[in-house]
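Below, chain A is the first sequence line, B the second, and so on; all start at residue 1. Predicted model only: the values in this text are computed from it and were never measured.
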Amino acid sequence: MLDVPEQVAVRMAKLARLQEEGRDPFRHTRYDRSHLAAEIAERFDELDGQMVRVCGRIMRMNEVGKLCFADLVDGSGKIQAVARADHLPEASFRQFMDLDLGDIVGIQGEVFRTRRGEISVRIDEWVLLAKALRPMPEKWHGLQDVEKRFRQRYLDLLANPEVRETLRKRSAMVAAGRRFLDERGFIEVETPVLQPLYGGAAARPFTTHHNTLDIDLYLRIAPELYLKRLVVGNLERVYEVARCFRNEGISPRHNPEFTQIEAYWAYANYEDVMGLTEGLICAMAEAVNGSLTFVRNGVEIDLTPPWRRLPLLEALKEETGVDFASLQTDEEAREACGGLALGDVSEATLAQLLDRAFDHYIQERTDQPTFVTDYPVAISPLAKRCNHDPTLAQRFEPVIAREELGNAFSELNDPLDQRRRFEEQAVARQAGDEEAHPLDEDFIRALEYGLPPTGGLGVGIDRLLMILRDTDNLRETIYFPLLRPE
RNA sequence: GAGCCGUUAGCUCAGUCGGUAGAGCAUCGGACUUUUAAUCCGAGGGUCGCAGGUUCGAUCCCUGCACGGCUCACCA
């Protein structure tokens with residue numbers, strides 16, 4: 001006998017017996033279902049007394065004498081099935097009582113309401129469609145163990161209804177985003193995940209290898225450079241629901257793979273993109289919560305446009321007294337930030353200090369939707385300069401409920417300036433910045449053929465869902481978050 | 001990468017100031033024809049994360065390791 005837990009052994013024995021009797025549940029290939037579980041309750045008045053066929057997983061069983069009640073859960077919800085000893089052949093009733101929690105069955109019978117008022121199906125015929133060999137998580141507390149929840153997400157899903165709800169909302173949210181963009185003339189495209197050169201963000205990539213070409217490839221950190229190539233190719237409005245990969249630490253708000261919706265809009269600038277962002281995020285928020293307001297960490301957030309605009313450097317100067325616009329070198333920045341609550345600044349670069357100051361003094365204080373605008377060009381190598389100040393970029397990040405939800409700008413379309421920016425990145429790279437952009441000659445060549453003035457936008461949908469569902473961890477919004485293997 | 005915390009039955013959790021462990025649900029046997037966290041009676045189920053150390057004796061104390069969580073660092 002195998003060394004397995006008692007409950008598994010019992011179920012294995014039941015399965016063996018079924019198979020010996022020629023009733024192998026795994027021989028079934030389909031079940032003709034007439035209704036979903038939730039439909040029966042919704043349309044009870046018309047279905048009362050009607051014969052229906054439903055199927056699903058048994059999540060509760062309760063034997064009461066010569067009666068047996070079972071909750072069947074399917075993709076829509078649950079319906080109670082009732083087996084009666086005086087309504088089924090004796091063997092059929094006995095075999096039904098022998099089912100286990102987790103088994104997947106199809107039942108046929110008449111819709112009725114029990115004395116206690118529960119809408120139910122009285123079983124005439126039933127069939128076991130799949131045997132569960134392992135016991136389900138506990139019915140009342142569900143599956144709580146965080147590690148097990150994410151390692152065995154299927155258990156998390158079947159035991160915890162709110163997890164199903166969050167992930168369904170994810171689908172609804174992305175569908176709403178697609179609909180919003182489709183309706184405005186954007187076309188959905190797909191660009192390479194495997195890239196010979198990566199770009200579009202400041203991040204370290206994953207590296208992989210193509211055997212027959214014998215070349216190293218990178219998993220994309222962003223689709224940006226390819227989407228802009230498509231705009232050069234006269235696809236004037238494009239977007240991609242893009243899985244991105246960044247080789248960085250895991251935290252409650254970072255997963256090595258995550259999803260962005262990136263959109264590029266020819267003949268529009270970043271102010272136009274602010275309007276697009278408001279519309280897109282509102283459409284997705286309504287798909288999740290049915291409303292433009294929601295509560296995040298006890299604070300009511302109202303997404304109704306227009307959103308506040310906050311120039312980054314002006315705001316930082318106001319909050320900290322430090323004028324980042326006047327700082328040129330890392331040393332100057334360390335000196336200027338020494339008095340701020342930014343931790344150990346002795347190793348930090350100007351860009352890092354700016355980022356930390358932004359986190360601490362802007363992001364952590366921003367609940368209501370805000371466009372933080374006009375970032376330094378030095379940390380915005382793909383964004384167009386502001387006409388009033390060439391050291392600033394026409395760039396914004398939407399911040400809602402203290403989370404950075406994206407990044408957007410008027411795209412830099414001057415190929416000569418783009419080359420200079422890449423060269424500056426190369427200098428940073430030489431100086432040890434592993435996240436600096438590599439120079440992409442083909443991208444510059446594309447710009448040399450002419451990129452129209454274009455506004456671009458990226459929205460992180462995992463984070464957006466996290467705030468909309470008010471979950472405390474990004475992984476709640478990801479179907480299979482990364483964990484170290486068992 | 002650093003600090004702190006966690007790991008006990010299938011699940012959710014107690015517990016032992018060091019003497020090899022309990023509950024509820026689940027499972028098994030029995031009762032019950034309207035339950036829905038059903039109820040009642042009875043039973044089985046654990047190398048207390050792994051490896052060392054201290055000790056007459058370790059699930060408990062110590063060390064290391066693994067996995068996880070939180071915070072920080074890093075980053076979007």
Sugar-phosphate only, base, or nothing, as touched by A/Asn255 at under 4.0 Å among non-hydrogen atoms: base

Which residue lies more 5' along RNA chain B, comparing A/Leu99 with A/Leu67 via nearest heavy atoms: A/Leu99

Of the listed nucleotides B/rC11, B/rU33, B/rC28, the one nearest the side chain of A/Val10: B/rC28

Short side-chain N/O contact to B/rC11 OP1/OP2 from A/Lys139, under 4.0 Å: no

Nearest-Å distance for atom pair CZ/C1', residues A/Arg134 and B/rU27: 16 Å

Protein-nucleotide distance (A/Asp359, atom CG; B/rA76, atom P), rounded to Å: 10 Å

Base-pairing assignment for B/rC72 (Watson-Crick or G-U wobble, both under 3.5 Å): B/rG1

Atom-pair distance (CG on A/Leu101; P on B/rA26), nearest Å: 7 Å

Candidates B/rU12, B/rU36, B/rC32 - which lies nearest the side chain of A/Lys66: B/rC32

Distance below 4.0 Å between A/Arg484 side-chain N/O and B/rG68 OP1 or OP2: yes

Atom C1', compared across B/rC41 and B/rA66: separation rounded to whole Å: 44 Å

Test item: A/Lys131 and A/Phe26 side chains (from C-beta on) under 4.5 Å apart, heavy atoms: yes

B/rU55: pairing nucleotide in any strand, Watson-Crick or G-U under 3.5 angstrom: none

Between B/rA73 (C1') and A/Ile250 (CD1): distance, integer Å: 15 Å

Closest to side chain of A/Gln80, choosing from B/rU36, B/rG68, B/rC32: B/rU36

Rounded P spacing from B/rG6 to B/rC13 in Å: 15 Å

Residue pair A/Arg395, A/Asn407: steps toward the side-chain hydrogen bond (donor to acceptor under 3.5 Å, both in side chains) verdict: CA-CA 7 Å; A/Arg395 173 181 171 189; A/Asn407 196 5; 3.0 Å; yes

Check: B/rA26 base within 3.5 Å donor-acceptor of A/Gln7 side chain: yes

Paired nucleotide for B/rG46 [Watson-Crick or G-U wobble; both distances under 3.5 Å]: none

Pairing nucleotide - B/rA38, Watson-Crick or G-U, each distance under 3.5 Å: none

Atom pair distance, as rounded to whole Å: CG in A/Leu482 and P in B/rA76: 19 Å

Any N/O donor-acceptor pair, A/Arg84 side-chain to B/rU34 base, under 3.5 Å: yes

Nearest-angstrom distance, P atom, B/rG18 to B/rA23: 24 Å

Separation of atom CG in A/Leu157 from atom C1' in B/rC11, rounded to whole Å: 17 Å

Nucleotide of B/rC28, B/rC32, B/rG68 approaching A/Glu63 most closely (side-chain heavy atoms): B/rC32

P-based separation of B/rU54 from B/rC11 [nearest Å]: 34 Å

Residues A/Arg309 and A/Thr373: side-chain donor-acceptor under 3.5 angstrom: no

Distance below 4.0 Å between A/Arg246 side-chain N/O and B/rA76 OP1 or OP2: no

Interatomic distance, A/Arg151 CZ vs B/rG49 P [rounded to whole Å]: 17 Å

Any side-chain heavy-atom pair of A/Leu474 and A/Arg463 under 4.5 Å: yes

Minimum-distance nucleotide (side-chain atoms of A/Arg463 versus B/rA76, B/rU33, B/rG45): B/rA76

Distance between P atoms of B/rG53 and B/rU71 (Å, rounded): 38 Å

Sugar-phosphate, base or nothing in reach of A/Phe258, heavy atoms under 4.0 Å: base

Spacing of the P atoms in B/rG1 and B/rG44 (rounded, Å): 48 Å

Among B/rU36, B/rU27, B/rG10, the one nearest A/Glu118 by side-chain distance: B/rU36

Test item: A/Leu468 and A/Asp470 side chains (from C-beta on) under 4.5 Å apart, heavy atoms: no

Opposite nucleotide pairing with B/rC25, Watson-Crick or G-U, both atom distances under 3.5 Å: B/rG10

Worked check of side-chain hydrogen bond (donor to acceptor under 3.5 Å, both in side chains) between A/Thr471 and A/Glu476: CA-CA 7 Å; A/Thr471 66; A/Glu476 298 288 348; over 6 Å; no

Under 4.0 angstrom between A/Asn473 side-chain N/O and B/rC70 OP1 or OP2: yes

A/Arg153 NZ/CZ over A/Phe480 ring centroid, <6.0 Å and within 45° of normal: no

Sugar-phosphate only, base, or nothing, as touched by A/Gln144 at under 4.0 Å among non-hydrogen atoms: sugar-phosphate

Which nucleotide in B/rU33, B/rA76, B/rC70 has an atom nearest any side-chain atom of A/Glu404: B/rA76

Candidates B/rG68, B/rU12, B/rU34 - which lies nearest the side chain of A/Leu143: B/rU12

Shortest side-chain distance from A/Lys14, nucleotide among B/rC28, B/rC11, B/rA76: B/rC28

Span that lies between the C1' atom of B/rG22 and that of B/rU8, in whole angstrom: 10 Å

Result of checking A/Phe409, A/Trp307, A/Tyr270 against A/Phe371 for ring pair (Phe, Tyr, Trp, His ring centres under 6.0 Å): A/Trp307

Phosphate OP1/OP2 of B/rG68: any A/Lys148 side-chain N/O under 4.0 Å: no

Sugar-phosphate, base or nothing in reach of A/Asp86, heavy atoms under 4.0 Å: base

A/Arg356, nearest nucleotide to its side chain (from B/rA76, B/rA73, B/rG10): B/rA73

Over-ring placement of A/Arg113 relative to A/Phe44, 6.0 Å and 45° cut-offs: yes

Protein-nucleotide distance (A/Asp100, atom CG; B/rC28, atom C1'), rounded to Å: 11 Å

Sugar-phosphate only, base, or nothing, as touched by A/Ala85 at under 4.0 Å among non-hydrogen atoms: nothing

Atom C1', compared across B/rC25 and B/rG68: separation rounded to whole Å: 25 Å

Sugar-phosphate only, base, or nothing, as touched by A/Gly142 at under 4.0 Å among non-hydrogen atoms: sugar-phosphate

